[in-house]
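What follows is one structure encoded as structure tokens, with my remarks underneath.
In what follows, chains carry the letters A, B, and so on, assigned in the order in which the sequence lines appear, proteins first and then strands, with residues in each chain numbered from 1.
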Amino acid sequence: MIALVDCNNFYVSCERVFAPKLRNRPVVVLSNNDGCVIARSEEAKALGIKMGTPYFQIDEFAETEKIAVFSSNYTLYGDMSSRVMELLTYFAPETEIYSIDEAFLNLDDDRDIGKLSESGHLIKEKLKKWTGIPVSIGIGPNKTLAKIANRRAKKANLGVFEMTHEAIQCEVLDQTPIGDVWGIGYNSAKKLNALGIKTALQLKQMDRRWARKLLSVVGARIVEELNGKACLPLELVPPPKKSITCSRSFGILTGDFEHLKEALDNYLVKCGEKMRRQKLTARAVTVFLTTNRFSKHPQYSNSLTIELANATNSTRELRDWTRKALVQIYKKDFLYKKVGVILQGLQPEQRETFRLYNQANYEKDKRLMQSLDKISQRFGRNAIAFGVRKSEKAWQMRAERKSNCYTTCLKEVLQIK
DNA sequence: TCTGGGGTCCTAGGACCC
DNA sequence: TCTGGGGTCCTAGGACCC
């Protein structure tokens, strides 16, 4: 049996832990650049605010309804997430961290099969007590059914919902619209609806070969899982990353090459740190840039991938390539909204081979990176930087309503006056 | 004024090989 | 009229997830 533990309105819940006044009040958290609504408290949902709504469309409404609005604070959410995840392994050693706010737990240990719900309630209660984060738990014979059980737990406000018996499974599946099944997105739902398949129960009863033809093996697996078979194993060890991306929309539109270069350098630094933390090297790097797709100004977007002769995780080395790429795809007379960098062809550092040329230089670079990483880790990312970085970052994204990093920065811990 | 960011997997089709 | 059979690798695009 599998349990899916999912934090309720996670980002909102994180904000509430440190601002108890927000309980029972409508709260929303915005995406980067204060763009769209990406988390809503129950009260905010009740006011009709939809997921993904651009904030500028509801800012006045938010004010009249006294909705608390936050910029996203990923430092806080990431730290709260690791606390929750670590505690989960205490209840079930075999867990898969599926996303920032979800984990699958293997309940097939010495637990009494008749007491799974009880077990779920205990986890829920302890997590709330230890982290302040409310969770919902769905239990089922595989991931897909655990997901559906979780949705029921949330929707019916049960906290924990168990779907171990087939009769209950069928009853719930009958009430589950097709689009709410994990893996059935907008397009597949449309296809299925057109064929008269509207509920998860109907999908469960669908002919396997037909499902395979219509929705490829992904769909075929979903049908199997709805029938109780487990096709998707728990991933206890996270598989190594295949690519690492960093990109941001700017707070302003800009045609200034220097802005783009500065932003790109910054994003590359983040990518580089992430790559080295995972002990990886890159064999290719892509730079992309794009104008604002919503504006009436002329549109342009382009990208360029450079294959490297030698795998590297030196930010200095990569930066030479990303800058060259940017020069090639940059066109003046456009107003840009976003640039980004993608590291690809990632492979473990141990697989690096000696270089025919300049091995000594590369090793110097490696030592430099190690020192930089240590300094950044200890004194913050802004303590040291490549080249000259203007303190005034004209392109920096908006984040006008960000809360403190209560759990990761001493200067920002909660003060009780 | 204003519309996020970071990923993975699958398939079809082309290119190429013997 | 008529054009095999079996295979690999790569890529673009689509779909999906949070």
Side-chain angles (χ1 to χ4, degrees), chain A residues 4-7 9-11 28-39 50-62 69-74 77-78 81 85 96-104 143-144 147 150-151 178-192 211-222 231-232 235 238-254 263 267 270-271 274-275 278 284 286 288 290-297 303 305 307 335 337-346 397-401:
Chain A
L4 174 65
V5 180
D6 190 322
C7 303
N9 318 327
F10 182 55
Y11 298 166
V28 300
V29 175
L30 305 179
S31 64
N32 272 334
N33 226 13
D34 295 346
C36 301
V37 172
I38 52 167
K50 298 271 179 294
M51 187 73 168
T53 309
Y55 181 61
F56 73 90
Q57 291 175 1
I58 58 156
D59 51 357
E60 284 173 18
F61 178 72
V69 181
F70 288 92
S71 303
S72 36
N73 182 346
Y74 287 105
Y77 311 150
S81 171
M85 298 306 169
E96 172 188 335
I97 299 172
Y98 176 64
S99 73
I100 193 163
D101 72 335
E102 281 172 72
F104 290 105
K143 286 179 167 181
T144 304
K147 270 270 191 188
N150 188 284
R151 180 180 161 279
I178 199 83
D180 283 354
V181 176
W182 189 40
I184 303 293
Y186 178 79
N187 288 289
S188 303
K190 220 163 75 177
K191 259 193 228 170
L192 290 165
R212 162 78 227 229
K213 205 157 185 191
L214 202 69
L215 305 171
S216 86
V217 295
V218 181
R221 276 198 287 256
I222 293 171
C231 305
L232 307 163
E235 282 176 1
K241 283 268 174 280
K242 297 183 172 171
S243 69
I244 295 175
T245 305
C246 184
S247 74
R248 295 279 180 282
S249 295
F250 303 139
I252 52 160
L253 291 178
T254 179
Y267 304 157
K270 287 185 201 193
C271 278
K274 200 166 178 183
M275 167 167 60
Q278 299 178 32
T286 298
F288 62 91
T290 171
T291 50
N292 183 358
R293 68 196 160 105
F294 297 103
S295 90
K296 291 183 191 114
H297 298 295
S303 71
T305 301
E307 310 264 345
L335 288 173
K337 180 66 177 170
K338 179 151 82 168
V339 290
V341 55
I342 311 173
L343 303 179
Q344 288 147 309
L346 300 180
M397 66 178 188
R398 270 191 305 279
E400 284 163 7
R401 304 148 179 278

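- In terms of the side chain to side chain donor-acceptor pair (under 3.5 Å) criterion, residue partners of A:Thr286 (sequence neighbours excluded) are, by chain and number, A:Thr305, A:Gln344.
- The side chain of A:Arg248 places an N or O atom within less than 4.0 Å of a non-bridging phosphate oxygen (OP1 or OP2) of B:dG6.
- For B:dT3, the OP1/OP2 oxygens have no side-chain nitrogen or oxygen of A:Ser249 closer than 4.0 Å.
- With sequence neighbours left out, the side chain to side chain contact (heavy atoms under 4.5 Å, CB included) criterion links A:Asn187 to no other residue.
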Let me check I have this right: for DNA chain B, each base becomes ., (, ), [, ] or |, based on Watson-Crick or G-U pairs with both distances under 3.5 Å. What is the full string? ....||||||||||||||
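- Under the rule for a side chain to side chain donor-acceptor pair (under 3.5 Å), the partners of A:Asn73 that lie at least two apart in sequence or sit in another chain are A:Ser403.
- For A:Tyr55, there are no ring pair (Phe, Tyr, Trp, His ring centres under 6.0 Å) partners, not counting sequence neighbours.
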Using nucleotides 7-13 of chain C, report all nitrogen or oxygen pairs with the protein that are shorter than 3.5 Å.
none

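- Look at CD1 on A:Ile97: it is 16 Å from P on C:dC18, rounded to the nearest Å.
- Looking only at side-chain heavy atoms (C-beta outward), A:Leu192 and A:Ile184 come within less than 4.5 Å of each other.
- Considering only side-chain N and O atoms, A:Asn187 lies nowhere under 4.0 angstrom from the phosphate OP1 or OP2 of C:dG14.
- Atoms CD (A:Gln344) and P (B:dG6) sit 14 Å apart, rounded to a whole Å.
- Looking at heavy-atom distances under 4.0 Å, A:Lys274 makes contact with sugar-phosphate atoms alone, never a base.
- Under the side chain to side chain contact (heavy atoms under 4.5 Å, CB included) criterion, A:Ser71 pairs with A:Asp34, A:Ala399, A:Arg401, A:Lys402, sequence neighbours left out.
- Which of B:dG6, B:dT3, C:dC18 sits closest to the side chain of A:Thr245 comes down to B:dG6.
- A straight line from NZ of A:Lys191 to C1' of C:dC16 spans 12 Å, rounded to a whole angstrom.
- The 5' end of DNA chain B is approached more closely, in terms of each residue's nearest nucleotide, by A:Leu253 than by the other of A:Leu253 and A:Val217.
- In this entry the distance linking CE of A:Met51 with C1' of C:dC17 reads 12 Å, nearest Å.
- The nearest whole Å value for the distance from the NZ atom in A:Lys241 to the P atom in C:dC17 is 18 Å.
- Scored by the side chain to side chain contact (heavy atoms under 4.5 Å, CB included) test, A:Tyr74 finds A:Tyr11, A:Asn32, A:Ile38, A:Ser72, A:Tyr77 as partners (sequence neighbours excluded).
- Remark: C1' of B:dT1 and CZ of A:Arg398 are 8 Å apart, rounded to the nearest angstrom.
- Smallest separation of non-hydrogen atoms from A:Ile178 and A:Ala189: CG2-CB, 3.9 Å.
- Residue A:Ser99 places no side-chain N or O under 4.0 Å from the OP1 or OP2 atom of C:dC17.
- For the OP1/OP2 pair of B:dG5 and a distance below 4.0 Å, the side-chain nitrogens and oxygens of A:Lys337 include no atom meeting the criterion.
- Phosphate contact (OP1/OP2 of C:dA15, side-chain N/O of A:Ser216, threshold under 4.0 Å): absent.
- Across all strands shown, A:Ile184 has heavy atoms under 4.0 Å from sugar-phosphate atoms exclusively, and none from any base.
- For B:dC2, the OP1/OP2 oxygens have no side-chain nitrogen or oxygen of A:Arg293 closer than 4.0 Å.
- Residue A:Ile244 is in sugar-phosphate contact alone, with no base atom involved, counting any heavy-atom pair closer than 4.0 Å across all strands shown.
- Shown here are the side chain to side chain donor-acceptor pair (under 3.5 Å) partners of A:Asn150, two or more places apart in sequence or in another chain: there are none.
- Closest of all the heavy-atom pairs between A:Thr291 and A:Lys337 is C-CB, 3.7 Å.
- Atoms CG (A:Leu215) and C1' (C:dG14) sit 13 Å apart, rounded to a whole Å.
- Rounded to a whole Å, the OH atom of A:Tyr11 is 12 Å from the P atom of C:dC18.
- The side chain to side chain contact (heavy atoms under 4.5 Å, CB included) test applied to A:Thr290 returns A:Ser301, A:Lys338, not counting sequence neighbours.
- Looking at residues 52-59 of chain A, you'll see that no heavy atom sits under 4.0 Å from any atom of DNA chain C.
- With sequence neighbours excluded, no residue satisfies side chain to side chain donor-acceptor pair (under 3.5 Å) with A:Asn33.
- Using a 4.0 Å heavy-atom cutoff across all strands shown, A:Asp101 reaches sugar-phosphate atoms only and no base atom.
- Ion pairing between a basic and an acidic side chain is recognised when a charged N comes within 4.0 Å of a carboxylate O; A:Glu235 and A:Lys143 show no such pairing.
- Backbone-only contact: A:Val181 has heavy atoms under 4.0 Å from sugar-phosphate atoms and none from a base.
- Taking the side chain of A:Ser188 as heavy atoms from C-beta on, and the options C:dA15, C:dC18, B:dT3, the nearest nucleotide is C:dA15.
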